[in-house]
Amino acid sequence: MIARFAAVALIAPLIAAAAPVDFTVPASVPVEHLRVRQFDFAGGRSAPMKLGYRTLGSPHKGADGSVDNAVVLLHGTGGSGEAFLGPKAALLFGPGAPLDVTRTYVILPDMIGIGSSTKPSDSLGVNFPHYDYGDMVKGVRTILADLKVTKVRAVVGTSMGAMLGWTWAEAYPNEIDTLVAMGGWPTSVAGRNLVWRLAARDALLVSPLPGGSGARVAAGITLVATVPAALLAKLAPDAPTLQQLIDARLVGAPDPVDLAFQLDAVRTYSPAAGIDRITAKVVELNFSDDILYPPADRPPLPARFTRITVPASAATSGHATLGEPGVWLPLVASALKAALGR
């Protein structure tokens, strides 16, 4: 599995548990790559780029010849498209599910700088271009252009993926029919959410050895900043247990520099100023016990958007509830099915 660095927190919620017996996602979905000779970054640099992605299902063309059943899932910080392919994926992609792959063309991109896409640890290290969310969206759109997809029926984003969805829908309002943004507001990141990102980024850059002190400090910062206090007390009741918790999150974690650059990419994020440009149907979903996005601080949204707040319960665990589709999928299923004409 990927990004155990923060499986209970923000970085890459995983979909993993027992699935219905009538559907099994392949154990390994092949990664495809689109190679771009020169990718132009918003900061002014250009570099060769390899854009990785996975697909499930097959494209269907409508009467006008364009693909009419494409859905894009956008992963969280430090993760990859593989995060959606654990055993619980049957809830998303199985027969009769909202994104039933016998009828839906599902595209799972790996964002620039992480996963199977070109990233700092491939060769350039800290000299890699300092990309931002706009560059990530450009990478996804480049993949779609190569796949001949001009209109996306639905974009589903978790955490960073939600913010990428907001960025995309605001900048290119004619490309998305429905946006489901979960665990991410359209406003600039500030307060606790910004502090932990920048502090973790700096720790990783100061000590970039995999599994080293920088990674351990960043893991600790992430736990404190993202896990509800009551849950954290249960997860780490004493120092030895906390050490075990941090050790577990370092297994299979992204390269520290890769993760630091992805944390830094939020620095230019601010689509709210152009939110009225969004023409997509929008479902915004957050959790009442998510301390990164507390309901009391949530920004106003246009009345035409649907806003869902999931109450705290024994089934929720703050931001990490994004890894539990059994909790949130029933609340967005009708929007996804409507987007696909079902």
Point to revise | Connected via hydrophobic side-chain network under 4.5 Å: Ile291 and Leu231 | key: no

Practice item. Report the C-alpha separation of Thr150 and Val67 in whole Å, then their side-chain angles, then the decisive distance to 0.1 Å, and conclude whether the side-chain contact (heavy atoms from CB on, under 4.5 Å) test is met. Key: CA-CA 7 Å; Thr150 57; Val67 176; over 6 Å; no

Exercise for review: Start with the C-alpha distance between Phe39 and Thr118, add both sets of side-chain angles, then the distance that settles side-chain contact (heavy atoms from CB on, under 4.5 Å), and finish with yes or no.
Suggested key: CA-CA 11 Å; Phe39 186 94; Thr118 303; over 6 Å; no

Review point. Does a side-chain heavy-atom distance below 4.5 Å link Ser116 with Ser80?
Key: no

Check your understanding: Going through the distances and angles, do Gln262 and Arg201 end up as a side-chain contact (heavy atoms from CB on, under 4.5 Å)?
Key -> CA-CA 9 Å; Gln262 195 134 117; Arg201 175 202 65 185; over 6 Å; no

**Study point:** Joint cluster assignment, Ile221 & Leu194, ILVMFWY side-chain distance < 4.5 Å
**Key:** yes

Point to revise | Side-chain donor-acceptor contact under 3.5 Å, Ser159 with His319 | key: yes

**Study point:** Exercise: identify the closest heavy-atom pair between Lys234 and Pro237
**Key:** O-CD, 3.5 Å

Check your understanding: Just by distance, with hydrogens left out, do Ser207 and Ser213 show a side-chain donor and acceptor under 3.5 Å apart?
Key -> yes

Check your understanding: Are any side-chain N or O atoms of Thr316 and backbone N or O atoms of Ala312, one a donor and one an acceptor, separated by less than 3.5 Å?
Key -> no

**Study point:** Trp166 side chain reached by Leu179 side chain, heavy atoms, under 4.5 Å
**Key:** yes

Exercise for review: State, with a plain yes or no, whether a side-chain heavy atom of Tyr133 is found less than 4.5 Å away from one of Val266.
Suggested key: yes

Check your understanding: Does the side chain of Gln243 come under 3.5 Å of the side chain of Arg216 through a donor N or O and an acceptor N or O?
Key -> yes

Point to revise | Pair Phe261 and His130, ring centroids less than 6.0 Å apart | key: yes

Exercise for review: Could you check if a side-chain atom of Leu259 sits within less than 4.5 angstrom of a side-chain atom of Asp255, using non-hydrogen atoms only?
Suggested key: no

Exercise for review: Taking the side chain as every heavy atom from C-beta outward, state whether Phe128 and Val257 have any atom pair closer than 4.5 Å.
Suggested key: no

Exercise for review: Compare all side-chain heavy atoms of Val36 with those of Pro48 and state whether any distance is below 4.5 angstrom.
Suggested key: no

Point to revise | Between Asp258 and Ser121, a side-chain donor and acceptor under 3.5 Å | key: yes

Review point. How far apart are the C-alpha atoms of Tyr105 and Val71, what are their side-chain angles, what is the distance that settles it, and do they pass the side-chain contact (heavy atoms from CB on, under 4.5 Å) test?
Key: CA-CA 6 Å; Tyr105 185 41; Val71 172; over 6 Å; no

Exercise for review: Indicate, with yes or no, if Val31 and Val101 share a hydrophobic cluster defined by side-chain heavy-atom contacts under 4.5 Å among Ile, Leu, Val, Met, Phe, Trp and Tyr.
Suggested key: no

Check your understanding: Quick one: do the Asp264 and Tyr131 side chains pair a donor with an acceptor below 3.5 Å?
Key -> no

Practice item. State, without any angle test, whether Thr309 and Arg298 hold a side-chain donor-acceptor pair at a distance under 3.5 Å. Key: yes

Practice item. Hey, could you give me the CE/CE distance between Met160 and Met111, rounded to the nearest 0.5 Å? Key: 6.0 Å

Check your understanding: Under the salt bridge (Lys or Arg N to Asp or Glu O under 4.0 Å) criterion, do Asp122 and Lys119 qualify, and how do the steps go?
Key -> CA-CA 6 Å; Asp122 289 340; Lys119 48 192 177 291; 3.4 Å; yes

Practice item. Inspect the contact between Asp177 and Lys281 and indicate whether a charged nitrogen and a carboxylate oxygen are less than 4.0 angstrom apart. Key: no

Study note, to complete from the structure: Which of Leu92, Val156, Asp100, Leu73 passes side chain to side chain contact (heavy atoms under 4.5 Å, CB included) with Val106? It is Leu73

Point to revise | Qualifying residue for side chain to side chain contact (heavy atoms under 4.5 Å, CB included) with Trp196, from Leu263, Val224, Val189 | key: Leu263

Review point. Can you list the steps and then say if Arg141 with Glu175 is a salt bridge (Lys or Arg N to Asp or Glu O under 4.0 Å)?
Key: CA-CA 10 Å; Arg141 296 178 67 246; Glu175 295 182 359; 2.7 Å; yes

